[in-house]
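Here is the structure we will look at.
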Amino acid sequence: METILTSIYHAYQGIPRVSHSEITKELLRECIGKQDPTILDIGCNDGTHTLWFLEIFENPKIFCFEPDPRAAARFKRQVGQRSNVTLFENALSGHNGDITFYQSGGQFDEESAKIMAKGWDRSGSIKPPLEHLKYVPSVTFDHKITVKTSTLDTWCSEQGIESIDLMWMDVQGAEIDVFQGGRNTLTKTRFIYTEYSNIELYKGQYTLKQLLKCLSSFKPLIRYPYDILLSNNMLRKNTSNG
């Protein structure tokens, strides 16, 4: 009965059911279908996923974005200098210029304190914290800094990026800001993997249903508890017709 009711609820909400598995290397290889994809790692933090992509694909071209200088420093130490990895120490948003970045702090445990000696840096956002303060009280937001920001469309134009195979996003509630600044970029993006929350952890954060409404050309492939993999229907149609 619970399964039936859950299915009805998700159908009513217009969102796919949750899969409690995890995204795998095999799934990404199958989806992307090439060994030299162009990948955007937005909110890359210390480069953990960047290194993962380097394991999955033979010769990817990875563009990484991290506005928190603490995380960017850890990224440089962990990933190092690589010809096919470029780090941009700025935020992506709905405008070009400067933007306030709300740095996260505090610590979860002794292990995280060893890794992040200058404070927990994995929850910072260009959105001010809201329910995050209630649900994760051990994470603080005592500091604000000003960082450089640009839109995805501006960045793609400046870099001469013609197509994106995978947009991997962990931007702590600022998903809609990135999407609104990248309307043209989204038309040439094949897959999006993004974090989401149906709780307003950050002020102005969109729910999954609201995000999907904004991404009308994208079809959900797999929904995980806190992330979702999307495929660009228009690009799939163009490929199949070609």
Side-chain angles (χ1 to χ4, degrees), residues 22-29 31-32 34-93 99 101-127 132 136 138-150 152 155 159 161 164-175 178 191-195 202 224 226-227 229:
E22 294 183 355
I23 192 166
T24 64
K25 295 179 181 180
E26 292 73 23
L27 176 59
L28 278 183
R29 285 195 194 101
C31 287
I32 301 303
K34 58 167 71 171
Q35 284 298 320
D36 59 347
T38 296
I39 300 173
L40 269 57
D41 190 353
I42 306 173
C44 61
N45 197 258
D46 64 0
T48 296
H49 284 113
T50 304
L51 293 174
W52 195 54
F53 299 140
L54 289 169
E55 292 177 3
I56 298 172
F57 303 105
E58 183 177 331
N59 189 34
K61 195 168 187 179
I62 311 173
F63 300 97
C64 307
F65 300 84
E66 179 50 58
D68 192 315
R70 300 170 301 170
R74 294 196 298 116
F75 180 100
K76 293 173 186 176
R77 291 195 297 269
Q78 181 162 274
V79 177
Q81 295 288 333
R82 298 172 185 264
S83 60
N84 57 343
V85 176
T86 307
L87 173 64
F88 294 85
E89 296 183 53
N90 62 272
L92 291 176
S93 69
I99 198 167
F101 183 81
Y102 298 83
Q103 282 189 308
S104 61
Q107 295 292 356
F108 277 130
D109 49 39
E110 291 184 6
E111 187 62 30
S112 66
K114 292 177 183 178
I115 298 172
M116 291 169 275
K118 295 184 178 181
W120 180 264
D121 60 29
R122 291 177 177 167
S123 301
S125 177
I126 60 174
K127 297 281 196 185
H132 200 292
V136 195
S138 59
V139 173
T140 60
F141 293 86
D142 298 329
H143 301 286
K144 295 185 292 185
I145 61 175
T146 299
V147 300
K148 294 295 182 183
T149 187
S150 67
L152 258 179
W155 178 83
Q159 298 296 319
I161 303 297
I164 297 168
D165 294 294
L166 174 64
M167 189 183 296
W168 186 279
M169 290 177 46
D170 186 354
V171 293
Q172 302 299 312
E175 297 83 13
V178 177
F191 295 94
I192 295 175
Y193 182 85
T194 181
E195 187 180 46
Y202 299 86
Y224 301 97
Y226 305 105
D227 305 274
L229 177 63

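Heavy atoms only: backbone and side chains are in, while hydrogens, waters and symmetry mates are out.
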Distance-only donor-acceptor hits, side chain of residues 139-148, under 3.5 Å, sequence neighbours excluded:
| residue | atom | partner | partner atom | Å |
| --- | --- | --- | --- | --- |
| T140 | OG1 | G106 | N | 3.3 |
| K148 | NZ | D98 | OD1 | 3.2 |

Check: At what distance, to the nearest 0.5 angstrom, does CZ of R122 lie from CE of M116?
Finding: 4.0 Å
Item checked: Residue pair T149 / I126, side-chain heavy-atom distance below 4.5 Å -> no
Note to self: Restricting to non-hydrogen atoms, name the atom on S125 and the atom on A174 that form the minimum distance, rounded to 0.1 Å.
What the structure shows: OG-CB, 4.4 Å
Margin query: Angle between ring planes, F53 versus W168, binned at 30° and 60°: parallel, tilted or perpendicular?
Written below: perpendicular
Notebook entry, point to check: Heavy atoms, side chains only, cut-off 4.5 Å: are T50 and F75 in contact?
Noted result: yes
Margin query: Assess the residue pair L54 and N84 against the criterion (side-chain contact (heavy atoms from CB on, under 4.5 Å)); give the C-alpha distance rounded to whole Å, side-chain angles, the decisive distance to 0.1 Å, and a yes or no.
Written below: CA-CA 9 Å; L54 289 169; N84 57 343; 3.7 Å; yes
Note to self: Could you measure the distance from the CD atom of Q172 to the NZ atom of K127? Nearest 0.5 Å is fine.
What the structure shows: 13.0 Å
Check: Which heavy-atom pair separates Y224 from E22 by the least distance, and what is that distance?
Finding: CE2-C, 3.7 Å
Next item on the list: First locate atom CD1 of I39, then atom CG of L166, and finally report the distance between them rounded to the nearest 0.5 Å.
Entry: 5.5 Å
Check: Taking it one step at a time, do C31 and L229 satisfy side-chain contact (heavy atoms from CB on, under 4.5 Å)?
Finding: CA-CA 10 Å; C31 287; L229 177 63; 4.2 Å; yes
Next item on the list: For residues 82-93, pull every pair meeting salt bridge (charged side-chain N to carboxylate O under 4.0 Å, His left out), keeping only residues two or more places apart or in separate chains.
Entry: K76-E89
Checklist line | For the student: nearest non-hydrogen atoms of S104 and S123, plus distance | finding: OG-N, 3.2 Å
Item checked: Side chains of L92 and S150 in contact at under 4.5 Å (non-hydrogen atoms) -> yes
Note to self: Quick one, Y202 and Y102 - any side-chain contact, counting heavy atoms below 4.5 Å?
What the structure shows: no
Checklist line | Worked check of side-chain contact (heavy atoms from CB on, under 4.5 Å) between I161 and W155 | finding: CA-CA 8 Å; I161 303 297; W155 178 83; 3.7 Å; yes
Next item on the list: Decide yes or no for P69 and Q103: does some side-chain heavy atom of the first lie under 4.5 Å from some side-chain heavy atom of the second?
Entry: yes
Notebook entry, point to check: Heavy-atom distance under 4.5 Å between the side chains of V85 and V79, does that happen here?
Noted result: yes
Note to self: To the nearest 0.5 Å, what is the distance between CD on Q81 and CG on L87?
What the structure shows: 9.5 Å
Check: Just one of D46, D68, I115 clears the side chain to side chain contact (heavy atoms under 4.5 Å, CB included) bar with D121, so which one?
Finding: D68
Next item on the list: Determine, step by step, whether D36 and F57 satisfy the side-chain contact (heavy atoms from CB on, under 4.5 Å) criterion, reporting the C-alpha distance in whole Å, the side-chain angles of both residues, the deciding distance to 0.1 Å, and the verdict.
Entry: CA-CA 7 Å; D36 59 347; F57 303 105; over 6 Å; no
Margin query: Ignoring hydrogens, what is the shortest heavy-atom contact between D165 and I32? Give both atom names and the distance.
Written below: O-CD1, 3.7 Å
Next item on the list: Apply the side chain to side chain contact (heavy atoms under 4.5 Å, CB included) test between D41 and each candidate in H49, M169, M167, E66; give the one that qualifies.
Entry: H49
Notebook entry, point to check: Do D170 and N45 touch side chain to side chain, with heavy atoms closer than 4.5 Å?
Noted result: no
